[in-house]
Amino acid sequence: MCGIIGITSLPNNLREPIGKVVRRCLERLEYRGYDSVGIAVIKGNSIEVRKGKGKIVEVNARLNFDEVSGTTAIGHTRWATHGKPSDENAHPHTDCTGSVAVVHNGIISNFLELKEELIRKGHVFKSETDTEVVAHLIEEYLRLGYKPFDAFKAALSRLKGAYAFVVAIAQEPNRLYFARNTSPLVIGIGNGANFVASDIPAFLEFTNMVIVLRDGEYGYIEPGKVYIEKDGVPVNVEERIRLISWTPEMASKEGYPHFMLKEIHEQPFAISSTLAGINEREFDNVVNLLLNSRRVLIIGAGTSYHAGLIGDYLLTTMLGLDIHAVISSEYKKYVNTINEDDAVIAISQSGETIDTLVAVRAFKERGAKVVAVSNVIDSAIPRESNYVLYTRAGPEIGVAATKTFTTQLVILTILTLRAGIAMGRLDQGEYRNLMDSLNKAPGLLQNVIARTEGRVKALSEYMKSRNNAYYLGRGIGVPLSMEGALKLKEIAYIHAEAYPAGESKHGPIALVEEGYPVVFSILDDDNVDALLGNVMEMKARDAYTIGFVPEKYVGKFRELLSVTFELPNIDYRIAPIIYIVPMQLLAYYTAVARGYDPDKPRNLAKTVTVE
Ligand code: AGP
């Protein structure tokens, strides 16, 4: 997820150099990505590009965007997906002649084959990005005599994947082209200037008249004109204009009161992006590694460790592999026995957590091969690993991990399924069924959020006055419960403890008294009847029992539970991706009900870089 902006203005309309305006707009998009930045301004019949690695304030100090004048410009702040953060890979990207410049947010899934085709035609590429392909494709059609808009449309018709583009073509100094397919893009209609951006906050200081573009729409802006088309048919622009009542500050959260709530709601998109951004070759390499390893350790901290526990459960129960999930800071237990026959899966959304990095280095030193599962391109752990499987959740700003957890589960589930096929432990039918469920997860999750959010919010009014809680599950429901409990702990400061439900009568139930909150994760597996007994145990002690239950078992549990949340019937191996979300919401609303800031919980940092 990156931030892109385009501005076309009448001369002297902006009252300051357009480079400075673009820089300010990008700053409001920086939460979307901040590893490199760049601008491009049309100057006569050429384009001036200034770009580099680093945060906006650093690069602007180096390259002085603020002095660049002009009337038509584009800009980009990057969250790297293809190609590490570098000056070359920073956007905008241009064609061979320098007269076409592109900024992009998303992933072009067929960029490799297009790049090979263009190289055969003599194009010279300067970056590792998927984006640069677009500039050369447009150049190719211009070279064939197409008019600029037709060249843009022809290039667009060749692309697959998720994208939002803004394109400047020097021979049309007052126009910018745009296109949207999945990645967000909005138009801002100003007075003597028009804007196109990834998000409204970018241009909110200039206008609150916006058009939210829809998938498959493309077109162009000029200082006094907005033209939108879909499938060759013009769109009625007037009808699409909306007035936005947001403050710039608010908008950076896209209207959400907190980044955490926004990121919870972004999970359907994050999961689809992760599914769309699978690197086939790297997955094959990792499956091969797992199949040829004596033992596999899965390491991580906090939420990433919980994802590792779920990966452990899947790989052990489905494939019978020798898997050990290990809290990164406890790696020493294995360090003397690990060797070149072992593999390590290191999970870290930030890719910078020192506990995990140290463990990676210690295991690598003894010959183990390391696979990183991370959300930040080219961060330390991926950089030091032999293989990398990236989640595509986009920048996660809220300290509590939400969308990075569910996308980690997507990666670990796909890995298990592919290894299962490769080992012959999973037949094609079961593979397809589980992949089907996975591909349905974004839609199902959208529905679950809509159906449960209000009731979870109501439940937080009860939880806000509690200082303790238990989260119980069995099987794959145990790590799921551990993640639910961690969310409540880290942002609502309630001492929530998770443990296997079968353990209650061996001690923990001693704490339970009237009204004591006990949250049950009930999944569609062979633990349902045992969990029924555990719910009864707690009910007998007047606990306040809360159940997340598959629809088909609601009849069995509703009478016994104080609160029942009906969730979709879905294979228990996929269910954690969906069932964790109402628990994230419970933690969020309980934190807010207790008057805390869910985005900046006390004593915590988004990335822990100290041991
Ligand atoms: C989770 O909500 C916390 N932010 C924390 O436990 C986090 O998961 C842990 O610090 C690991 O971070 P990483 O995934 O970036 O390595």
Side-chain angles (χ1 to χ4, degrees), residues 4 6 8 38 40-49 51 72-76 82-83 88-89 91-183 185 187 196 213 215-222 225-235:
I4 64 179
T8 58
V41 180
I42 296 184
K43 295 271 188 186
N45 50 23
S46 71
I47 299 179
E48 179 180 346
V49 175
K51 63 178 186 172
T72 302
I74 58 177
H76 184 277
H82 292 73
E88 299 73 35
N89 289 335
H91 296 215
H93 289 287
T94 55
D95 65 325
C96 301
T97 66
S99 59
V100 177
V102 179
V103 291
H104 166 222
N105 171 26
I107 297 167
I108 301 167
S109 49
N110 64 336
F111 87 100
L112 271 177
E113 63 207 64
L114 293 170
K115 187 171 181 176
E116 280 147 18
E117 175 196 319
L118 289 160
I119 289 172
R120 281 195 301 277
K121 290 187 175 147
H123 289 262
V124 179
F125 281 73
K126 304 179 281 297
S127 79
E128 302 162 281
T129 66
D130 51 344
T131 306
E132 191 182 346
V133 159
V134 181
H136 292 281
L137 260 180
I138 295 171
E139 175 192 6
E140 190 58 26
Y141 287 108
L142 289 172
R143 205 187 276 180
L144 296 169
Y146 284 57
K147 289 199 175 62
F149 193 18
D150 297 330
F152 175 70
K153 288 194 273 189
L156 215 52
S157 68
R158 302 286 313 279
L159 305 176
K160 295 199 180 78
Y163 54 72
F165 295 114
V166 184
V167 175
I169 301 178
Q171 56 184 275
E172 287 186 321
N174 299 318
R175 181 181 283 190
L176 289 176
Y177 293 102
F178 58 78
R180 176 202 163 137
N181 181 34
T182 310
S183 302
L185 200 60
I187 289 180
V196 54
L213 290 166
D215 284 356
E217 292 182 338
Y218 53 88
Y220 58 81
I221 56 170
E222 293 171 348
K225 180 175 180 184
V226 173
Y227 178 78
I228 306 172
E229 225 177 70
K230 180 164 183 178
D231 305 325
V233 181
V235 169

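Worth saying up front: this structure is predicted, and the values here are computed from it rather than measured.
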Original post:
Does Arg120 come within less than 4.0 Å of Glu116, counting only side-chain N to carboxylate O?
Top reply: no
Original post:
Would Glu117 and Arg158 pass as an ion pair if we require N to O under 4.0 Å?
Top reply: yes
Looking at every non-hydrogen atom in both residues, tell me the closest pair between [X] and [Y] and how far apart they are.
X: Ile47; Y: Ala168; value: CD1-O, 3.7 Å
X: Pro148; Y: Gln171; value: CG-OE1, 3.6 Å
X: Phe152; Y: Gly219; value: CE2-O, 4.4 Å
X: Gly216; Y: Lys230; value: O-CG, 3.8 Å
X: Ala40; Y: Val49; value: CB-CG2, 3.9 Å
X: Ile107; Y: Asp130; value: CA-OD2, 3.5 Å

Any sub-3.5 Å donor-acceptor pair from [X]'s side-chain atoms to [Y]'s backbone N or O?
X: Glu139; Y: Cys96; value: yes
X: Asp215; Y: Thr182; value: yes
X: Lys115; Y: Val133; value: no

Taking atom [atom1] of [X] and atom [atom2] of [Y], what is their separation to the nearest 0.5 Å?
X: Tyr220; Y: Thr8; atom1: OH; atom2: OG1; result: 11.5 Å
X: Ile42; Y: Leu176; atom1: CD1; atom2: CG; result: 6.0 Å
X: Phe125; Y: Glu88; atom1: CZ; atom2: CD; result: 15.5 Å
X: Thr72; Y: Lys43; atom1: OG1; atom2: NZ; result: 11.0 Å
X: Leu142; Y: Lys147; atom1: CG; atom2: NZ; result: 12.0 Å
X: His91; Y: His104; atom1: NE2; atom2: NE2; result: 7.5 Å

Between [Y] and [X], is there a side-chain heavy-atom distance shorter than 4.5 Å?
X: Ile138; Y: Asp95; answer: no
X: Ile108; Y: Lys160; answer: no
X: Leu159; Y: Leu114; answer: yes

Using a distance-only test with no angle check, is there a side-chain donor-acceptor pair under 3.5 angstrom linking [X] and [Y]?
X: Asn174; Y: Glu222; result: no
X: Lys153; Y: Tyr177; result: no
X: Glu229; Y: Tyr227; result: yes

**OP:** Report the C-alpha distance between Ile74 and Ile4 in whole Å, list the side-chain angles of each, state the deciding distance to 0.1 Å, and finish with yes or no for side-chain contact (heavy atoms from CB on, under 4.5 Å).
**Re:** CA-CA 8 Å; Ile74 58 177; Ile4 64 179; over 6 Å; no
**OP:** Run the numbers on Phe178 and Ile221 for side-chain contact (heavy atoms from CB on, under 4.5 Å), then give the verdict.
**Re:** CA-CA 8 Å; Phe178 58 78; Ile221 56 170; 3.9 Å; yes
Subject >> Residues Thr94, Lys126; criterion side-chain contact (heavy atoms from CB on, under 4.5 Å); working and verdict >> reply: CA-CA 9 Å; Thr94 55; Lys126 304 179 281 297; 3.5 Å; yes
